[in-house]
Amino acid sequence: MMQYGGDYNPEQWPEEVWPDDVARMREAGVTMVSLGIFAWSRIQPAEGVFNFGWLDRVIDLLHEGGIAVDLATATASPPPWASAIYPELLPSDENGAVYWPGSRQQFAPTSPVYRRLAAELVTRLAERYAAHPAVTMWHVNNEYGCHLNLDYSDAARDAFRVWLEDRFGTIAELNEAWGTYFWSQRYSSFAEVFPPRKAPYSHNPAQLIDFRRFTSDALLECYLMEKRIIRASGATQPITTNFMGAFKPADYWRWAQEMDVITDDCYPDPNDPESFRAAAFQRDLMRSLKPHVPWLLMEQASNALNWRPTNAPKAPGQMAALSMQAVARGADGILFFQWRQSRSGAEKFHSAMLPHAGTDTRTWREVVALGAELGDLPDLPVGARDATVAIVFDWENWWAIESPDHPVVLDYLALVQRWYAAAHRQHVQVDLVRASADLTGYRLVIAPQLYLLRDDGAANLSDFVSSGGQLLMTAFSDVVDEFDRFRPGGYLTQLGGLLGVGVEDFGALVPPDSAGPGQSQAPISSPAGEIVGTLLAEEIHASDATIVGTFVGGRLNGRPAFTVNSVGSGRAWYLATIPDAVGTGSLLAYLFTEAGIDPVLAGLPTSVEVARRGDVVTVINHDSTPVSVTVVGTDLLTGENVESFVLPAFGYRFIQSPEVSREA
Ligand code: GAL
């Protein structure tokens with residue numbers, strides 16, 4: 001069943017308003033609300049004092065109205081009394097400056113006091129509501145790591161040392177892994193190690209990446225602590241916390257294993273005409289994190305935001321189009337931040353399902369219409385593994401590749417999204433995977449800039465090619481091990497044999513607008529069409545590979561740029577640079593042909609999105625120009641048989657079609 005609703009913050013309103021909330025929710029087709037996310041100070045006004053009466057009443061009221069509750073544990077924002085009594089629970093930045101109360105989320109995730117207070121609150125909540133029939137899901141904390149990506153407090157320092165001791169056992173092991181004879185960094189004990197606080201110059205990159213791993217683990221420990229408490233109370237409902245798409249501080253591949261259902265918050269900028277593509281990436285990532293369980297869009301905006309410098313409204317119809325994009329890409333629920341627009345506080349200009357201006361508003365009408373449509377939509381197939389193309393996206397690599405002191409500064413997420421966007425423009429469905437994932441069923445795997453490549457990932461990619469898959473590796477890949485050390489024997493030490501190439505050197509390309517004489521672009525001549533290399537142009541040699549494309553002009557004139565090596569029935573491609581957006585599209589089109597990959601639907605403009613869930617194809621027009629679409633099947637919203645139709649601006653259709661099945 002499709003869920004519909006939003007964050008509900010009744011603590012911001014007098015109790016007389018609540019019945020009106022429930023009545024309006026029913027009018028809008030709301031099925032579920034996330035309750036109490038920022039209600040800690042209302043539930044627990046002082047240490048040891050709990051006030052559940054109001055929460056009992058509001059949960060009962062919702063239940064009577066047939067609205068299910070995704071009950072929050074309320075631990076995201078400790079009340080002011082908590083830090084007044086225990087200032088040590090406050091987090092710090094890298095300079096030691098404290099983040100004070102007065103906003104939200106001011107807690108050090110590793111603080112023992114914070115964890116004790118959170119545990120006490122969650123214990124009481126879980127015991128009280130585990131068996132309440134209204135509660136159908138648990139919403140742990142909120143957006144772990146948001147605002148405060150990294151905490152450098154004394155609590156973090158102490159916990160980091162314990163984490164390192166667990167990881168390495170002895171300080172000698174740490175010294176070896178981190179290469180601490182460099183710059184006289186050798187440690188005598190774990191008590192000498194700090195988080196990477198402000199230092200005169202670059203930190204040890206191994207310390208940086210371990211601090212990232214530690215931070216992701218520390219946040220996850222908070223989640224797991226609460227999850228254990230909820231389960232210990234006898235609660236059987238699914239437990240989750242809301243993700244934020246590709247969010248750098250938390251390795252969601254690791255986190256997803258601990259979620260019963262993936263939930264996500266997504267706020268594309270209506271002023272950015274390409275933001276729907278980035279949103280599509282985010283939806284596909286969420287589906288890929290747990291492919292066999294439909295995810296929920298936990299937060300989006302009904303209209304404008306408050307937190308960008310300019311908060312453009314959504315165009316008429318755009319909110320529904322973006323909502324249906326989530327459904328098309330595997331979501332079984334659409335929720336908003338928030339139900340009723342706040343009267344005070346920092347988010348009073350943030351749109352809501354029920355606007356401050358009331359029900360005679362476009363926003364309200366669109367919210368009601370969407371609720372009705374979602375209610376009419378039949379259950380959709382799960383949508384797991386409908387793609388034959390996968391793009392590797394890896395958090396550890398993200399952390400490592402963006403360390404300072406590299407040949408060139410790379411924005412890993414943007415580079416991965418460039419490949420994704422190119423596939424999206426060509427209407428080819430894509431999953432996101434880790435290098436070590438089960439790759440059975442994919443025909444083509446693209447691994448952009450896999451700088452940090454673990455042994456298991458390398459072995460898995462090799463097996464994929466040996467079993468007949470096609471793999472594209474790109475420049476600056478297979479460079480370091482998990483400690484950000486070069487491996488003995490140069491570069492591409494794990495996959496050079498598979499690819500049939502060796503990398504001699506990386507070769508930064510300077511930014512096109514820089515004044516110096518350095519080469520800024522590296523054009524390539526190849527059967528894949530116009531490709532211009534950017535950022536890096538590697539000096540490679542082909543040992544076993546066939547050279548498909550060469551650099552043209554500049555210092556690498558005539559040297560190999562694009563190669564292929566056949567391994568059994570599989571093929572391993574290597575591109576010794578990073579193509580620009582146009583080149584990425586050309587190259588991908590070439591590889592799709594080579595690997596026999598078809599679009600979900602052919603011949604549509606790039607502003608039309610196409611996605612599949614099993615035998616259901618969704619087409620969405622993200623542009624203001626109407627578009628003709630041809631696909632034979634049944635329209636799931638109207639029940640009509642269709643062959644072709646015109647999609648107006650922000651129009652969408654869900655078509656169950658025998659034509660759209662996964663090719664053999
Ligand atoms: C999210 C947060 C919500 C609300 C929303 C505003 O990050 O979870 O509580 O602040 O942003 O867009």
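First listed ligand is number 1; within each ligand, the first listed atom is number 1.
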Output all residues satisfying salt bridge (charged side-chain N to carboxylate O under 4.0 Å, His left out) with E221, sequence neighbours left out; order by chain, then residue number. R115

Which residues pass the salt bridge (charged side-chain N to carboxylate O under 4.0 Å, His left out) test with R228, not counting sequence neighbours? none

Between [Y] and [X], does any NZ, NE, NH1 or NH2 come within less than 4.0 Å of an OD or OE carboxylate oxygen?
X    : Y    : answer
R283 : E609 : no
R365 : D360 : yes
D20  : R340 : yes

Take atom CZ in R26; do more than 12 heavy atoms of anything else shown fall under 6.0 Å from it? no

Around [atom], find the nearest protein heavy atom and jot down its residue, atom name and distance.
atom                   : result
atom 7 (O) of ligand 1 : E143 OE1, 2.4 Å
atom 4 (C) of ligand 1 : E347 OE2, 3.2 Å
atom 6 (C) of ligand 1 : H350 NE2, 3.2 Å
atom 3 (C) of ligand 1 : E299 OE1, 3.3 Å

Should the proximity of [X] to ligand 1, defined as any heavy atom under 4.0 Å, be assigned to the side chain, the backbone, both, or neither?
X    : answer
M244 : neither
Q338 : neither
R104 : side chain
N142 : side chain

